[in-house]
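Shown next, in structure tokens, is the structure this report addresses.
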2 protein chains.
Amino acid sequence: MTTLAIVGATGAVGSVMIDIIDARETVPWSEIRLIASPRSAGRRLTVRGQEIEVVALSEEAFDGVDIAMFDVPDDVSAAWAPVAAARGAIAVDNSGAFRMDPDVPLVVPEVNAAAAHSRPKGIVANPNCTTLSMMAAVGALHRAFTLTELVVASYQAASGAGQEGIDRLQAEIAAVAGKDVGNRSGDVREALSAAGLSDESPFPAPLALNVVPWAGSWREGGWSSEELKVRNESRKILGIDDLKVSATCVRVPVITTHALAVHATFASPVDVETARQVFAAQPSIVLVDEPREGRFPTPADVVGEDPTYVGRVRQALDFPNTLDFFVCGDNLRKGAALNTYEIAEELVRS
Amino acid sequence: MTTLAIVGATGAVGSVMIDIIDARETVPWSEIRLIASPRSAGRRLTVRGQEIEVVALSEEAFDGVDIAMFDVPDDVSAAWAPVAAARGAIAVDNSGAFRMDPDVPLVVPEVNAAAAHSRPKGIVANPNCTTLSMMAAVGALHRAFTLTELVVASYQAASGAGQEGIDRLQAEIAAVAGKDVGNRSGDVREALSAAGLSDESPFPAPLALNVVPWAGSWREGGWSSEELKVRNESRKILGIDDLKVSATCVRVPVITTHALAVHATFASPVDVETARQVFAAQPSIVLVDEPREGRFPTPADVVGEDPTYVGRVRQALDFPNTLDFFVCGDNLRKGAALNTYEIAEELVRS
């Protein structure tokens, strides 16, 4: 008898979570409990053919819960994941509240599943979506070749900024479409304004017909918080304290699926053929790498897919022990709900 | 008395070239001759207020020409630049035909102007637009710190594929706008098909709401020709035969202006403050780097601008002597017509 709770069940990631649970052949849960803010309590959602009433977030809501998955803002997780843990549940948290807490494991099951079983606070953290989008691929290569350095540039989708990000990009695209205005900043802003779009945006610059080299908040040295997450979370998940990482995080006018250009250096010699075998041996990776036939992963091909897609695998011409490749992962699935659920499955399996 | 010819005067880059010449306060040319295919001969274009009739490409068209700028396909340049040189003109060629020819200098005036004055074949080559978009910034840093390694990822605009690329992206944007289809590949392709767009595209995958990790043609080892151009042309322009370079070239749904995330390693210690001074001292660079105030370069801000825009300058946290930064350059101006014209100005000045 195992009870799973979804905290934030009515949110964007929560609804992807329910899709994922619906699509599973079997589930190990005797009860699935849906928890959300008092405002959403009383709503009825269907999970695996069964209507379930959403209950309001409260201490009592966690009574009898074995695993509670949190898909809520950082401050809600910070306040409530410890409450769930105190009531005896294992909290699996997809916010940024606990990821770098030394007493909270940060887990990608195909990379460091064992870490999930040592949790002094009763909490397991799910990584940031950008880190997650490449981690299955990077982790597999690390096992084979021992990773020492990562230089990455991201192509991040608007849905990384939530439903608000999706709505904004779609409204901007509609505003510039068919206008033949080119993409000069003044013309784009005029088109947005003519379409009634306010200057208030989840993005710090127009995103339609543009790319925006900023995600998250400002950090010492001019880094964005997103870039430091890629660095610090990669180190923690892989267990390499001195991993060298430089990341540049850039938002692109794509709705869903993050992509990254990865330049990865290893302690051991690498070659493309062995790397392909490493990827082929990992069920959560799909290799699409026949560029002569126009076959490589693009974000549009990966939307709604569970695996990480890898392509453009090349041996660096001038850097020893180094591979360059391109990776795409659905930021709402493996990048968020799917990995959280896979952690819950790992916990119940053991 | 100096005569300048524009070969390919009626093309996309040719018309930007005429805009650039129109905007110059003064020009050193006593005659400007417009040359194009026989199909375009007889058309009349206005340059600096004067109507000029386009003449057909022929050997005689180069009689009396001092400098002939070529903005034509590779095969046309390969055939005709030597003809212009044989008639006594200096050919400044913006195709890929001669860039890696050891007897042809590859020139970015603010980086290696002197190279333009040694030209065994009477030909000077203009670099590829992706290389050019970062070269002013990279060259300035090289002079200060001595470059040893470059890892770059590009965000390349549709106009890099010519007017056909612009038209395709605009048609795709119009087809997906307001459809609320998300960006799942099947849905996007259906929207393109419903809008009457054929599968024939200058891009190997849909570009609207997507990014495409491929530009150019296939090369040994899975590299794209565009990625090898970035490597080989950077080495030649900077005069560093053993420069280590890895590039990943990705097309993004932007009309004009290429952007690159650059990770650059040097022989000497670097710091952000000195790098900022290096950029500030270079008239062809504009530094926009106050991310806390939402100020960084985006492609839309740079369309139609001559300078290279640089921002997000950070000292790498884990790599010695290394800077990470983001650079934007209008691929039709500095990336093509402007640099070609600046080479012509350099030649006539000397």
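Lettering follows sequence order; numbering is per chain, from 1. Keep in mind that this is a model prediction, so the values were computed, not measured. Just so you know, these numbers use all the heavy atoms, side chains as well, and skip hydrogens, waters and symmetry mates.
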**Request:** Apply the side-chain contact (heavy atoms from CB on, under 4.5 Å) test between A:Val254 and each candidate in B:Val252, B:Val211, B:Leu209; give the one that qualifies.
**Result:**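 Between A:Val254 and the candidates, side-chain contact (heavy atoms from CB on, under 4.5 Å) is satisfied uniquely by B:Val211.
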**Prompt:** Out of A:Glu220, A:Lys244, A:Arg231, which one pairs with B:Leu317 under the side-chain contact (heavy atoms from CB on, under 4.5 Å) rule?
**Reply:**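 The side-chain contact (heavy atoms from CB on, under 4.5 Å) with B:Leu317 is passed solely by A:Arg231 among A:Glu220, A:Lys244, A:Arg231.
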With a 4.5 Å heavy-atom cut-off, do [X] and [Y] have their side chains touching?
X        : Y        : value
B:Thr256 : A:Asn183 : yes
B:Thr298 : A:Pro213 : yes
A:Pro204 : B:Phe296 : yes

Of the backbone (N, CA, C, O) and the side chain (C-beta and beyond), which part of [X] lies under 4.5 Å from a heavy atom of chain A, both, or neither?
X        : answer
B:Leu150 : backbone
B:Pro206 : neither
B:Leu243 : backbone

**Electrostatic pair A:Glu227-B:Arg312, nearest N-O below 4.0 angstrom** = yes
**Item:** Sidechain N-carboxylate O distance under 4.0 Å for A:Arg235, B:Asp318
**Value:**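 Answer for the salt bridge query: yes.
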Region of [X] that comes under 4.5 Å of a non-hydrogen atom in chain B:
X        : value
A:Ala247 : backbone
A:Ala205 : side chain
A:Val313 : backbone

For the interface with chain A, which of [options] has the highest count of heavy-atom pairs at distances below 4.5 Å?
options                      : result
B:Asp187, B:Val250, B:Thr257 : B:Val250
B:Ala174, B:Ala153, B:Pro253 : B:Pro253
B:Phe326, B:Tyr155, B:Phe325 : B:Tyr155

Hey, which of [options] has the most heavy atom pairs under 4.5 Å with chain B?
options                                : result
A:Val212, A:Thr322, A:Val302, A:Val151 : A:Val151
A:Ala259, A:Gly222, A:Ala157, A:Ala208 : A:Gly222
A:Ser246, A:Gly178, A:Ala177, A:Gly294 : A:Ser246
A:Asp301, A:Val245, A:Val188, A:Val272 : A:Val245

**Message:** For a quick test of reading the model, state the closest non-hydrogen atom pair linking B:Pro291 to A:Trp214 and the distance between them.
**Reply:** CB-CZ3, 3.3 Å
**Prompt:** Tell me the ring pair (Phe, Tyr, Trp, His ring centres under 6.0 Å) pairs involving residues 158-182 of chain A, sequence neighbours left out?
**Reply:**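 Every candidate ring pair (Phe, Tyr, Trp, His ring centres under 6.0 Å) pair involving residues 158-182 of chain A fails, so no pair, neighbours aside, qualifies.
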**Request:** May I ask you to check whether over 12 heavy atoms, not counting those of A:Glu200, lie within 6.0 Å of atom CD?
**Result:** no
**Message:** If the condition is ring pair (Phe, Tyr, Trp, His ring centres under 6.0 Å), which residues does A:His142 pass it with, not counting sequence neighbours?
**Reply:** none
**Full working for side-chain hydrogen bond (donor to acceptor under 3.5 Å, both in side chains) between A:Asp324 and B:Thr248** = CA-CA 8 Å; A:Asp324 290 280; B:Thr248 299; 4.6 Å; no
